[in-house]
Amino acid sequence: MIKVIQPGLQTTVQDYGRIGYYEVGMPPSGAMDKYSFTAANVLVGNEENAAALEITYMGPVLEFQQDAVIALTGGEIPPKVNGELVPMWETLAVKAGDQLSFDFVKQGARVYLAVAGGIDVPLIMGSRSTYTLCGIGGLEGRPLQAGDELKIGSAAKQRVKIGTRIQEDLIPVFSKTNEIRVVVGLCSYRLTEESKERFFSLDWTVTAEANRVGYRFKGERLSFVEREQPFGAGSNPSNVVDLGYPIGSIQVPDGVEPIALLNDAVTGGGYATICTIISADLNKMAQVKTNEKVRFVAVDIETALQARKEYAYKLAQIKQQLQLL
Amino acid sequence: MTRYEYGGDEFIFVELSESMSLEVNFQAMAITKQLREERLPGILDICPSNASYMVRFQPEEIHPDKLISKLKELEQSVSVDDFDISSRIVDVPILFDDPWTNEALMRFRDRHQDPSSTDLEYAARVNGFDSKEELIQAITDYPYLVSMIGFVPGLPWCYQMVPREQQIEVPKYVRPRTYTPERAFGFGGAFAVIYPVQGAGGYQLFGVAAAPIYQKEQRLYDFKDSMTFPRQGDIFRYRSITMEEFQAIEKQVEDGTFRYLTREITFKPRQVLENPKAFSDEVLGGLYA
Amino acid sequence: MSDQKNKVLSPIPGVFYRKPAPDKEVFIHEGAAVKAGDVIGLVEVMKNFYEIKAESDGVLESFLVNEEDILDAGQEIAVISAR
């Protein structure tokens with residue numbers, strides 16, 4: 001068992017996500033930064049899809065009630081065991097009675113805590129991920145609260161030596177200014193040429209409305225091409241006949257503030273979408289926090305697929321490195 | 001002209017038409033049904049939408065351009081004329097102009113086109129009805145095709161099966177509300193919806209559904225296979241009920257005995273397109289027989 | 001009398017508020033006495049409001065940020081001087 005002394009700002013149980021139910025309006029949920037999430041599971045010898053804790057901005061205080069093997073990855077929210085700083089991206093042993101706490105966030109936004117055996121919560125539609133809007137998955141469908149107790153599963157598939165560390169060049173570095181690559185398309189024809197140009201030349205600031213559902217950005221107002229609205233779309237020029245939203249797609253309701261839709265987002269609606277964040281950069285997006293800057297960079301589909309291959313190669317390297325130790 | 005668009009490296013978005021119609025929705029339904037039957041490798045989700053559809057795939061299994069070629073072939077080969085829809089016709093009881101939804105919508109008047117009236121009064125006026133009662137009559141006279149599911153789990157977009165000139169159309173809120181009660185019945189663009197769970201929303205609010213369309217505990221009979229009740233292709237008949245009936249249904253939901261009145265139905269899109277009124281009379285006759 | 005000054009930091013990024021609600025008075029005025037544990041402001045992020053508390057007794061000498069400023073994590077919010 002792991003006892004929650006303080007829950008942190010928003011700490012949830014997440015695995016790879018709830019895949020295959022998009023058509024009924026169920027978003028995937030799941031870890032926002034899948035690279036760090038997967039690395040954490042690999043470091044403790046878990047199946048890649050084992051449930052871990054996703055910690056956002058401010059860490060919880062947790063008390064282990066049994067000996068456990070853990071790993072912390074992701075953004076830098078310096079972890080401490082019994083008040084002593086411990087390294088991230090490394091296999092650690094904790095003893096029954098040990099307390100895990102965190103300093104203020106230094107870089108990035110989200111930390112993953114994997115425990116050998118995984119966090120044991122019920123599978124809902126094939127996933128243990130928390131989806132708070134509908135109150136399903138994770139621990140009672142909600143973020144952790146003080147007094148919660150988390151069961152540790154028995155799903156570890158191999159033992160990893162304590163002190164095993166991800167090699168330095170495979171550990172991401174996070175910045176306060178970020179380039180996020182997108183593929184332009186969907187309903188981008190709705191934006192004026194000038195606004196399209198502005199969208200890619202501005203440094204957008206992440207607002208306080210930036211969570212698992214989506215990130216909202218502040219910059220300047222964008223305009224849509226004037227037209228007589230098609231039947232059924234609604235009257236605002238940013239409206240379209242309600243359609244499906246890809247994960248990572250960006251829309252600009254009324255032209256006011258762009259919103260990137262992420263893991264817990266709505267699956268469809270009536271706003272024109274203009275581009276989609278490439279899958280490899282969703283991990284990076286998840287580590288950007290409020291008041292940091294984002295510049296969107298348009299890439300073609302082949303570049304997106306290449307980035308995806310490079311991402312898969314990095315994960316393969318992590319696995320290979322750990323097996324060699 | 002159909003547009004095939006990349007939604008990043010995991011989605012293809014296909015817009016069959018910019019405007020909504022029954023024809024285009026049937027076409028999206030027919031193509032996605034055929035795509036599902038072909039069981040291509042690497043397809044994760046097939047999401048038919050109102051005038052478009054979307055496919056989620058794994059590019060390691062199928063290159064997006066190859067998938068697009070396949071979808072273009074389907075657009076050519078699939079016809080709504082030789083396609084049967086097997087679904088359900090469902091009686092969906094709605095309490096219009098109810099106190100809870102009214103309380104909610106009055107809190108957001110500053111986000112509305114017409115802060116001085118209610119959503120029902122406003123929608124009646126912009127659609128040329130003399131009263132909200134006439135609008136309610138028009139909403140409940142003819143059934144709706146469930147043309148898309150999404151936004152949140154189980155939310156049905158419903159498009160009324162009447163000729164274009166009879167369609168009700170309303171703007172969405174100027175700025176979306178931050179709160180919508182669970183089971184609220186709303187209308188936006190040309191679509192009626194029921195909000196399955198409490199949350200944000202931008203549709204005009206007209207009433208509240210008596211029974212749930214999403215139930216995570218899956219206690220009621222209609223939810224034994226799925227947390228979500230509506231399915232694309234269903235035909236929903238919204239029926240105006242009294243407070244008395246509303247409370248009786250709520251009690252049945254509470255004690256677990258409520259079941260939607262439904263009939264299995266198989267029909268051809270052509271039947272609807274050629275004579276929506278005759279089709280509507282026939283299915284409603286069957287439902288309440 | 002010591003002139004030790006303690007800075008209050010925001011542990012999270014977000015929007016800073018000195019008032020509990022738009023139509024309410026500020027939690028504390030500059031120059032007022034403060035006790036460890038007193039709430040001096042709120043930081044809103046991800047639709048959560050996080051209470052910023054004084055960590056020491058003293059006088060709240062000054063705020064270093066304005067109402068509705070967007071803060072970085074770790075940003076200095078106020079100075080408390082020990083009495």
Side-chain angles (χ1 to χ4, degrees), chain A residues 19-27 124-125 131 133-136 141 182-189 227 229-236 239-249 253-254 256 266-270 273 275-282 300-301 304-305 307-309 312, chain B residues 3 5-11 13 15 17-21 32 44-54 56 59-60 63-65 113 148-155 157 159 164 167 169-172 174-176 188-191 196-197 199-200 202 214 216 226-228 230-232:
Chain A
I19 313 294
Y21 299 95
Y22 216 67
E23 69 161 315
V24 298
M26 182 69 77
I124 307 284
M125 297 166 90
Y131 174 41
L133 183 78
C134 282
I136 63 166
V182 300
V183 176
V184 180
L186 306 173
C187 306
S188 60
Y189 71 96
R227 66 167 175 182
Q229 284 291 91
F231 181 76
S235 53
N236 190 284
N239 283 150
V240 289
V241 168
D242 298 53
L243 42 73
Y245 295 151
I247 297 154
S249 63
D254 197 26
V256 179
V266 294
T267 65
T273 43
C275 59
T276 310
I277 299 173
I278 68 171
S279 62
D281 282 5
L282 285 172
D300 62 17
I301 188 72
L305 292 172
R308 190 180 169 96
K309 278 193 194 132
Chain B
R3 293 190 307 114
E5 299 276 338
Y6 305 114
D9 46 320
E10 292 194 355
F11 287 85
F13 167 75
E15 186 182 69
S17 162
E18 283 182 28
S19 55
M20 181 59 186
S21 64
T32 50
L44 296 177
D45 288 288
I46 299 172
C47 312
S49 312
N50 290 314
S52 58
Y53 67 94
M54 200 167 72
R56 187 180 187 195
E60 292 77 14
H63 190 283
D65 292 335
Q113 289 83 355
M148 172 176 172
I149 309 279
F151 185 64
V152 295
L155 180 140
W157 270 274
Y159 188 70
R164 166 78 65 95
Q167 291 281 348
E169 202 186 7
V170 294
K172 297 159 191 172
V174 177
R175 283 185 300 131
F191 301 97
V197 290
Y214 168 85
K216 66 176 174 180
S226 170
M227 291 181 192
T228 58
R231 295 182 212 143
Q232 208 227 10

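Naming convention: chains lettered A, B, ... in sequence-line order (proteins, then strands); numbering from 1 in each chain. Every value quoted in this text rests on a predicted model; they were computed, and no experiment measured them.
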Look at [X] together with [Y] and state whether they make a salt bridge at an N to O cut-off of under 4.0 Å.
{"X": "B/Glu60", "Y": "A/Lys309", "answer": "no"}
{"X": "B/Glu18", "Y": "A/Arg227", "answer": "yes"}
{"X": "B/Lys172", "Y": "A/Asp254", "answer": "no"}

Beyond-backbone contact of [X] with [Y], side-chain heavy atoms, under 4.5 angstrom:
{"X": "A/Pro246", "Y": "B/Met54", "result": "yes"}
{"X": "B/Phe191", "Y": "A/Val241", "result": "yes"}
{"X": "A/Ile247", "Y": "B/Arg56", "result": "yes"}
{"X": "B/Met227", "Y": "A/Met125", "result": "yes"}
{"X": "B/Glu15", "Y": "A/Tyr189", "result": "yes"}
{"X": "A/Leu305", "Y": "B/Pro64", "result": "yes"}
{"X": "B/Tyr214", "Y": "A/Cys134", "result": "yes"}
{"X": "A/Val24", "Y": "B/Arg231", "result": "no"}

Under 4.5 Å from any heavy atom of chain B, what part of A/Tyr245 do you find: side chain, backbone, both or neither?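 Interface part for A/Tyr245: backbone (N, CA, C, O).
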
Given that the side chain runs from C-beta out, which part of A/Val240 has a heavy atom under 4.5 Å from chain B: side chain, backbone, both or neither?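 For A/Val240, the backbone is the part near chain B, not the side chain.
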
Tell me whether the rings of B/Phe11 and A/Tyr22 are parallel (<30°), tilted (30 to 60°) or perpendicular (>60°).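 B/Phe11 and A/Tyr22: tilted rings.
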
Interchain contact, B/Arg3 with chain A, by part (heavy-atom threshold 4.5 Å): side chain

Can you tell me how far the OG atom of B/Ser52 sits from the CG atom of A/Leu243, to the nearest 0.5 Å?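 Separation between the atoms: 5.0 Å.
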
OG1/A/Thr276 to CD/B/Glu5 distance, rounded to the nearest 0.5 angstrom? 9.5 Å

Closest approach of A/Ile301 to B/Asp9 (non-hydrogen atoms, all atoms of both residues): CD1-CA, 4.0 Å

Where B/Pro59 and A/Arg308 come nearest, the two heavy atoms and their spacing: CG-NE, 3.1 Å

Between chain A and each of B/Gly189, B/Ser19, B/Gly154, count heavy-atom pairs under 4.5 Å; write down the option with the most. B/Ser19

Kindly write out the residues that satisfy side chain to side chain donor-acceptor pair (under 3.5 Å) with B/Asn50, not counting sequence neighbours, or none if the list is empty. B/Ser147

Using the salt bridge (Lys or Arg N to Asp or Glu O under 4.0 Å) criterion, which residues pair with B/Glu169? Sequence neighbours excluded. none

